[in-house]
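Working notes, structure below.
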There are 2 protein chains.
Amino acid sequence: MAIEAYAEKNCSIAKPLSFLGERWTVLILRDLFLGRRRFDEFQASLGVATNVLSRRLTTLTEEGIVERRRYSEHPERFEYVLTEKGRDLQPVLLALLAWGDKYTAEKGPPLEVVHGDHAFHAVQICSVCGEPVDSHNVHSRPGPGANSEQRRANGRRAPEWLAR
Amino acid sequence: MAIEAYAEKNCSIAKPLSFLGERWTVLILRDLFLGRRRFDEFQASLGVATNVLSRRLTTLTEEGIVERRRYSEHPERFEYVLTEKGRDLQPVLLALLAWGDKYTAEKGPPLEVVHGDHAFHAVQICSVCGEPVDSHNVHSRPGPGANSEQRRANGRRAPEWLAR
DNA sequence: ACCGTGACTTGCGAAATGCAAGCGACCAAC
DNA sequence: GTTGGTCGCTTGCATTTCGCAAGTCACGGT
């Protein structure tokens, strides 16, 4: 109960987690990015319980991440495809993938992401100056949308990676 | 039970989810990146139940994401700091943050990440050619670590965003 | 008439989570 | 010198979520 309450709390990391944090959701998204789109395809690929799959797809639809689209009238059959909002989650998946490949893929990556004709990993750069971003040259501060509590809590504070 | 079994399944997205997928874990990481390091600090910031917090910190320690470090002998007191492996998760958090700011922050971002002296968002580029990566110019294929099942399942298949 | 497919729903037991309380070793104040 | 507070937890019990197996409904094929 408590985490749903927390997700309300004006935090741009907590908000997407309100649905991404539910089990299976990210794996369903992975399947969507791989081109899967039908209920039974997800079920066969993941082995997820059908009631849970059903609920997750409903939530993703409600959140506007996927569109539930009828592809057959008689009988009624549906497929699920990513919306623009859903495709915008790709960086999250690519970041997870890059980390997983680095730390958990002893035999090399099970899946390669391909840009043009070359396999790659996603690297993050600064939207303003274009320099590479890493944990040592980034810190944070309250933004324009911060409430007074956040201004207090996240005001000047040395990030841990600067404090040794 | 089933999702733990799935996480064993040679997938670089599923593997990190085995611990990141547990509730609160990503928010604890966010706090760690904000410089928080003590048990009660996390508890006060998140309102998470203390038994859950205790288990999450144990898991993160076991996974090598944080280091549990004694900062006082009498009485024994501990703090938690990110390891290199943990700091490497920053792209995941930045990607979540960028999405959250775009789609959920009506009043502007509650928190700004700062590079040098400018607030920014993380943008992903291709590690090979340096071009921007977006959902329309990426597809996937089995990699060197793929097993035969994965070669079959993820072989030539048009990603959904190419198939209209 | 029967089997198979696709997209689900239902019922029920198991596991994860939440809440409140307590604990042990201090320290600082009255 | 006892009360009160801090810190980092653990324990017990209620609630919520999840997993599993089965069933359903509308077809379509043979």
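Naming: A, B, ... by sequence-line order, numbering from 1 per chain.
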Output the rounded distance in Å from CZ (A:R70) to P (D:dA26). 15 Å
Rounded to whole Å, CD of B:Q43 lies from C1' of C:dA20 at a distance of 12 Å
d(CZ, A:F78; C1', C:dT5) in whole Å: 15 Å
Any side-chain N or O of A:Y71 below 4.0 angstrom from OP1/OP2 of C:dA7? yes
note: A:F39, atom CZ; D:dA26, atom C1'; distance rounded to Å ~ 16 Å
ILVMFWY clustering at 4.5 Å (side-chain atoms), partners of B:I125: A:V123, A:I125, B:V123
Sequence-distant partners of A:P144, side chain to side chain contact (heavy atoms under 4.5 Å, CB included), two or more places apart: B:P109, B:E112
I need the full list of ring-ring contact (aromatic ring centres under 6.0 Å, His included) pairs touching residues 8-32 of chain B, with sequence neighbours left out, sorted by first then second residue. A:W99-B:F19
Taking atom C1' of C:dA7 as reference, at what distance in whole Å does atom CZ of A:R36 sit? 18 Å
Distances for protein N or O near nucleotides 22-28 of chain C N or O, under 3.5 Å:
{"unit_1": "C:dC26", "atom_1": "OP1", "unit_2": "B:H74", "atom_2": "ND1", "d": "3.1"}

How many Å lie between CG on B:N51 and C1' on D:dC9, as a whole number? 10 Å
How long is the straight-line distance from CG of A:L82 back to CD1 of A:I65, given to the nearest 0.5 Å? 8.5 Å
Starting the side chain at C-beta, find the nucleotide from D:dC9, C:dC8, C:dA16 nearest to B:E4. C:dA16
Nearest 0.5 Å please: distance from the CD atom of B:E67 over to the CZ atom of B:R37. 10.5 Å
Answer yes or no: is there an ion pair linking B:E4 with A:R23, defined by an N-O contact shorter than 4.0 Å? yes
Take the protein atom CZ of A:R23 and the nucleotide atom C1' of D:dT16, then report the distance between them rounded to whole Å. 12 Å
A:E79 bridged to A:R38 by N-O distance under 4.0 Å: no
Apply side chain to side chain contact (heavy atoms under 4.5 Å, CB included) to A:V26 and list each qualifying residue two or more places apart in sequence or on a separate chain. A:L20, A:L93, A:L96, B:I13, B:L17
Can you list, by residue number, the residues of residues 59-68 of chain A that have a non-hydrogen atom closer than 4.0 angstrom to DNA chain C? A:R68
Can you tell me if the side-chain N/O atoms of A:R38 get under 4.0 Å from OP1 or OP2 in C:dT5? no
Roughly how many Å is it from CZ in B:R37 to P in D:dC7, rounded to a whole number? 15 Å
Taking for A:E22 and for B:Y80 the nucleotide of DNA chain D with the nearest heavy atom, the one nearer the 5' end belongs to B:Y80
Please determine whether a side-chain nitrogen or oxygen atom of A:W24 lies at a distance below 4.0 Å from atom OP1 or OP2 of D:dG19. yes
Candidates C:dA7, D:dG8, C:dT17 - which lies nearest the side chain of B:R55: C:dT17
Quick one: does A:Y6's side chain get under 4.5 Å of B:V48's, heavy atoms only? no
